[in-house]
Amino acid sequence: MPTILGQNQYGKAENRVVKITRDGATHHIKDLNVSVALSGDMEEVHYSGSNANCLPTDTTKNTVYAFAKEYGIESAEQFGIHLARHFVTSQEPIKVARIRIEEYAWERIAASDANSQFIGADEVKHSFVRKGQEIRVTQITYDGEKWEVISGLKDLIVMNSTNSEFWGYVKDKYTTLQEAYDRILATQVSGRWRFNWTDDEQRMPNWEKSYEQVKKHMLQAFAETYSLSLQQTLYQMGSRIINNRSEIDEVRFSLPNKHHFLVDLEPFGLKNDNEVYYAADRPYGLIEATILRDGCEPKIPVDLTNL
């Protein structure tokens, strides 16, 4: 049976680039993991092996590092936009560029007064410790006319030690879970949000401010929601973002329920008054949903595994 070529793309994945900006004695760090995927008129490289339309993946790697110097890294989104525009506009066979970026945050180490005096400086401005809260992510897709920017975060672990219940659920002959009227609610947040900036005629969002504000509203919603289910909390988190950030039309979360079970201390003659828990890593409930601005269509993939 004859075959035909379906969707295809190629590029250089996971280009680690660290950019140091030196403002006198004060240094700033941007630490990115950049993956480039290009698609377009690439039939012949698959059918006959002709590389006439194929920009080497090594060239895409070199471009990442050169652009870090040429344009700097103002934000992950802005850097991805520079790259995507370059690949589509400089190479006629390339019709679509998709740039995926993970960003690893750093914060300054505050030195003691004694050490500052020892090294002869009033303040250390070049020493950093890697932040461990979350990994920031973004995906920029450009087809020469329209942009799609989906940003987000992953591996952000949050917990409410009270103000969470779970009861009134369906029960059948296999149900053993006891109803809970005061429980720990913990999850490892993987979230993505889609911007409504789609073309160069629109005013571009302030990517750095937007990220910080989205994270703030998301965490505030998690903390302030008296939760009767993780689904309810998820919806409040997404709604808070959309209601407060006009540049965002869609939010999707994947939230594993990091279960904490009360330990039975009665065999030791002790009463466990919601104090001692066993943190189970698996199996876990997995709650996922998309929250949309009214009138908008969903575009964020249901499966966030590779986004």
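The analysis underlying the following values was restricted to heavy atoms, covering all of them including side chains, and did not include hydrogens, waters or symmetry mates.
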Is it the case that one hydrophobic cluster holds both [X] and [Y], taking links as side-chain heavy atoms less than 4.5 Å apart, direct or via other members?
X: Tyr65; Y: Val36; result: yes
X: Met204; Y: Val88; result: yes
X: Phe166; Y: Leu230; result: no
X: Tyr104; Y: Ile29; result: no
X: Leu270; Y: Val276; result: yes

* **salt bridge (charged side-chain N to carboxylate O under 4.0 Å, His left out) between Arg136 and Glu212, worked out** => CA-CA 11 Å; Arg136 179 176 170 179; Glu212 294 302 324; 5.3 Å; no
* **Leu234 versus Ala289, closest heavy-atom pair with distance** => CD2-CB, 3.5 Å
According to the salt bridge (charged side-chain N to carboxylate O under 4.0 Å, His left out) rule, which pairs have a member within [range], sequence neighbours left out?
range: residues 11-20; value: Arg16-Asp31
range: residues 289-303; value: Asp249-Arg293
range: residues 147-166; value: Glu102-Lys154
range: residues 259-277; value: none

Taking only residues two or more places apart in sequence or in another chain, which ones pass salt bridge (Lys or Arg N to Asp or Glu O under 4.0 Å) with [X]?
X: Lys258; value: none
X: Asp182; value: none
X: Lys215; value: Glu134
X: Arg252; value: none

Would one find more than 12 heavy atoms of other residues, nucleotides or ligands at under 6.0 Å from atom [atom1] of [X]?
X: Gln133; atom1: CD; answer: no
X: Glu70; atom1: CD; answer: yes
X: Phe67; atom1: CZ; answer: yes
X: Lys216; atom1: NZ; answer: yes
X: Glu74; atom1: CD; answer: no

Tell me, do [X] and [Y] make a side-chain contact under 4.5 Å, heavy atoms counted?
X: Val96; Y: Tyr142; answer: no
X: Met42; Y: Lys95; answer: no
X: Ser39; Y: Ile94; answer: no
X: Glu208; Y: Asn206; answer: yes
X: Val34; Y: Phe79; answer: yes
X: Arg108; Y: Thr26; answer: yes
X: Val137; Y: Arg100; answer: no
X: Leu156; Y: Leu219; answer: yes

* Asked: Can you name the ring-ring contact (aromatic ring centres under 6.0 Å, His included) partners of Phe253, sequence neighbours left out?
  -> none
* To do: Mind checking ring-ring contact (aromatic ring centres under 6.0 Å, His included) for Tyr226 and listing every partner two or more places apart, or none if nothing turns up?
  => none
* **By side-chain hydrogen bond (donor to acceptor under 3.5 Å, both in side chains) - contacts of Tyr169 (at least two apart)** => none
Without swapping roles, check the side chain of [X] against the backbone of [Y] for a donor-acceptor pair under 3.5 Å.
X: Thr60; Y: Thr57; result: yes
X: Glu250; Y: Ile300; result: yes
X: Asp58; Y: Lys61; result: no

* Asked: So among Thr233, Leu185, Asn163, which one has a side chain to side chain contact (heavy atoms under 4.5 Å, CB included) with Thr225?
  -> Thr233
* Structure fact -> Tested for side chain to side chain contact (heavy atoms under 4.5 Å, CB included) against Met218, the lone hit among Val158, Leu153, Asn244 is Leu153
First locate atom [atom1] of [X], then atom [atom2] of [Y], and finally report the distance between them rounded to the nearest 0.5 Å.
X: Ile101; Y: Gln78; atom1: CD1; atom2: CD; answer: 10.5 Å
X: Arg194; Y: Ile150; atom1: CZ; atom2: CD1; answer: 7.0 Å
X: Asn160; Y: Arg183; atom1: CG; atom2: CZ; answer: 10.5 Å
X: Arg245; Y: Asn196; atom1: CZ; atom2: CG; answer: 11.0 Å
X: Arg240; Y: Glu224; atom1: CZ; atom2: CD; answer: 4.5 Å

* What pairs of residues pass the side-chain hydrogen bond (donor to acceptor under 3.5 Å, both in side chains) test when at least one of them lies in residues 276-287, not counting sequence neighbours? -> none
* Asked: With under 30° as parallel and over 60° as perpendicular, where do the rings of Trp207 and Trp197 fit, or are they tilted in between?
  -> perpendicular
* Are side-chain N/O atoms of Asn62 and Thr59 paired as donor and acceptor at under 3.5 Å? -> no
